[in-house]
Amino acid sequence: MNAEEDALRARLVAALAARDVAGAPRFADLWPPEASGAAHARRPWRIAWTGLAAAAVAAVVVSITRSPASASLDAELAHTLSAPETWRVPGDALLSAVPRRPFELPEIRGFEVSLEESYL
Amino acid sequence: MMPNIDPGELERLHADAFSWARTCAGGRREEAEDVLQTAYLEIYDGRARFDGRSSLRTWLFGIIHNVARSRWRRIARMSQRLLAVDETVDLDTPESRQGYEEDRARVLAAWRALPARQREVLDLVFYRELTLAEAAGVMGISTGSAAQHYERAKSRLRGELGAGRER
């Protein structure tokens, strides 16, 4: 490297060093695990946290609406209805204990047939 | 997949990495922060893995360069006008400029006016003391190509500074 090139190099190095005087942000503010907790976390981490928070809220709502007790009753009802003994029906106690579902059952009136019709 | 690098080693290179990210981001501090954080995310998620074929510093600089390039390509695709504006606008804040001596500001302006590859090769070889082969590795080009950019950059910078002195 000649003297002219050395001088050019020294000038550019000084200029870039002056640019960098302000310094870098803290490593912890940019490195992913720590950056998510930083006050000025950047976009990808904000999005990740929003998703995480939404999932947490959804989990709480689901756990409230579907308690373990109602899940076990559902299983008992399903077992009774699917039993090979077709004459066995869920008792009143079980039906009243199972929480109401947000759908309508068909009117029983539409299924009524006379004894005569049933033999035709 | 977890990173295969100790974060402490990256932290030791952090200031230098941020400075390089700033060069790759056209001097903008905010953009450099986004570039460096994206590069760290690539490493943290295991998408970028250190294989020991180069030094850790060269490898990290290469990732930063790739991230900055891909971000810039996306922006440039969105608007060619942005590309033109960035070549001409002084991107440093007035506060940071106050501290510069006149010559430093002039050298910095001349350097910033160079094409991206020339600017980058001068930063890597002059400022960060990488060899031409290492700089070529960071920039993802051949050593011969890096040497060409290096020679043109020096000649052009010399010309710019000489012309500035005559004005």
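Fair warning: this is a prediction, and the values are worked out from it, not measured in the lab.
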Is there side-chain contact between B/Trp59 and B/Ile5, with at least one heavy-atom pair below 4.5 Å? yes
Separation between CD of B/Glu120 and OH of B/Tyr127, rounded to the nearest 0.5 Å: 15.5 Å
Going by the angle between their ring planes, with limits at 30° and 60°, are B/Phe126 and B/Tyr150 parallel, tilted or perpendicular? perpendicular
Under a 4.5 Å heavy-atom cut-off, does chain B meet the side chain of A/Ala17, its backbone, both or neither? both
Which atom of B/Thr23 lies closest to which atom of A/Arg19, heavy atoms considered: OG1-NH1, 3.1 Å
Measuring heavy-atom distances to chain A, does B/Glu42 have an atom under 4.5 Å in its side chain, in its backbone, in both, or in neither? neither
Is there a donor-acceptor contact under 3.5 Å from the side chain of B/Arg119 to the main chain of B/Arg112? yes
Chain A-proximal positions within residues 7-19 of chain B [heavy-atom distance under 4.5 Å]: B/Pro7, B/Leu10, B/Glu11, B/His14, B/Ala15, B/Phe18, B/Ser19
Any donor-acceptor pair under 3.5 Å linking the side chain of B/Glu134 with the backbone of B/Thr131? yes
Suppose we screen for side chain to side chain donor-acceptor pair (under 3.5 Å). Which residues come up paired with B/Ser54, at least two apart in sequence or across chains? none
